[in-house]
Number of protein chains: 2
Amino acid sequence: MSEECKAETALDILVGKWKPVILFHIFHKGTLRFSELQRLIPEISKKMLTTQLRELEYHDIIHRKVYAQVPPKVEYSITEYGKSIAPLMNSMHEWGLAHVKHLQEIYGEEALEKRSK
Amino acid sequence: MSEECKAETALDILVGKWKPVILFHIFHKGTLRFSELQRLIPEISKKMLTTQLRELEYHDIIHRKVYAQVPPKVEYSITEYGKSIAPLMNSMHEWGLAHVKHLQEIYGEEALEKRSK
DNA sequence: CCGGATCCTTTCTGATACTG
DNA sequence: CAGTATCAGAAAGGATCCGG
């Protein structure tokens, strides 16, 4: 790998089982608090949310603003640079939609859930 | 998740630590045998290569052609449908390249390897 | 209220040996 | 040659407790 295929780099950043959803919500609402994200994504654990946000922050995709106050308040937003993945996210979204249909055509409606890969 | 963000679907398919490289090679050469892939990607284990290929096959991205002969011969190639991810792969590749540069600008050359995410 | 630190369970990978 | 089977180690994810 390495040289030839930097698609991996992109994937590394988007991967993590929750980053797409997190990004989706932050993109959509502009700015969100930690607790708001928890509410929007009930299935995610605190730990996961924390680590995923940290990774996105490290990659300069989102910005983390801490308000020095009690009770604490932390807001997450897309960075200027972070906006550059929007087109890519959309492309993936589009392709994903089309692919779901394609799988249906091949395997039929039932096999949808199995995800046996 | 689910409804809103089908980017996950796309990610599911491309993710697997080796799929991007595998696809890269198959795209590049058109058709490859199992052993050729092993040689092109020395770090991958047989097991991994097998499972990754099977997943790609399930998703109708690649085709698996078995020759009934001794010694066995199996060739993998991109399906017609599979070609539809090419643009997406390229987009990811492009963005990945740009992102590596961006990270360098932020953290400097040294921090490249750390990948502490 | 936000999220760090720990512990524990589950899933994923890798190495090795074996088969048609 | 192209896998499958098995087993062990690593990594990812979840649950819980704690502190500012």
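Note: hydrogens, waters and symmetry copies are ignored here, and every other heavy atom, side chains too, is used. Note on naming: letters A, B, ... go to the chains in the order of the sequence lines (proteins, then strands), and numbering restarts at 1 for each one. Since we're looking at a predicted model, the values are computed, not measured.
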Test of ring centre spacing under 6.0 Å for His25(B) and Tyr76(B): no
Could you state the atom-to-atom distance from [atom1] of [X] to [atom2] of [N] in whole Å?
| X | N | atom1 | atom2 | result |
| --- | --- | --- | --- | --- |
| Arg33(A) | dC2(C) | CZ | C1' | 9 Å |
| Gln69(A) | dC1(C) | CD | P | 12 Å |
| Lys19(B) | dC12(C) | NZ | P | 11 Å |
| Ile41(A) | dG3(C) | CD1 | P | 14 Å |
| Leu53(B) | dT4(D) | CG | C1' | 15 Å |
| Gln52(A) | dG3(C) | CD | P | 14 Å |
| Glu55(A) | dG3(C) | CD | P | 15 Å |
| Ile22(A) | dG3(C) | CD1 | P | 12 Å |

Determine: side-chain N/O of [X] to OP1/OP2 of [N], distance under 4.0 Å, yes or no.
| X | N | result |
| --- | --- | --- |
| Ser35(A) | dC1(C) | no |
| Arg39(B) | dA2(D) | no |
| Arg64(A) | dC2(C) | no |

Touch class at under 4.0 angstrom, heavy-atom based, for Tyr76(A) against every strand present: sugar-phosphate
Shortest non-hydrogen separation from Tyr107(A) to Glu57(B) and the atoms involved: OH-O, 4.4 Å
Where protein sits on nucleotides 14-20 of chain C, one letter per nucleotide: B base, S sugar-phosphate only, - none, heavy atoms under 4.0 Å: BB----B
Pairs satisfying salt bridge (charged side-chain N to carboxylate O under 4.0 Å, His left out), at least one member in residues 68-86 of chain A, at least two apart: Lys73(A)-Glu75(A), Glu80(A)-Lys83(A)
Test salt bridge (Lys or Arg N to Asp or Glu O under 4.0 Å) applied to Glu36(B) - qualifying residues, sequence neighbours left out: none
Residues which pass ring pair (Phe, Tyr, Trp, His ring centres under 6.0 Å) with Phe27(B), listed by chain and number, not counting sequence neighbours: none
Residue list, ring pair (Phe, Tyr, Trp, His ring centres under 6.0 Å) with His63(B), at least two apart or on another chain: none
Pairing residues for Ser84(A) by the side chain to side chain donor-acceptor pair (under 3.5 Å) criterion, not counting sequence neighbours: Trp95(B)
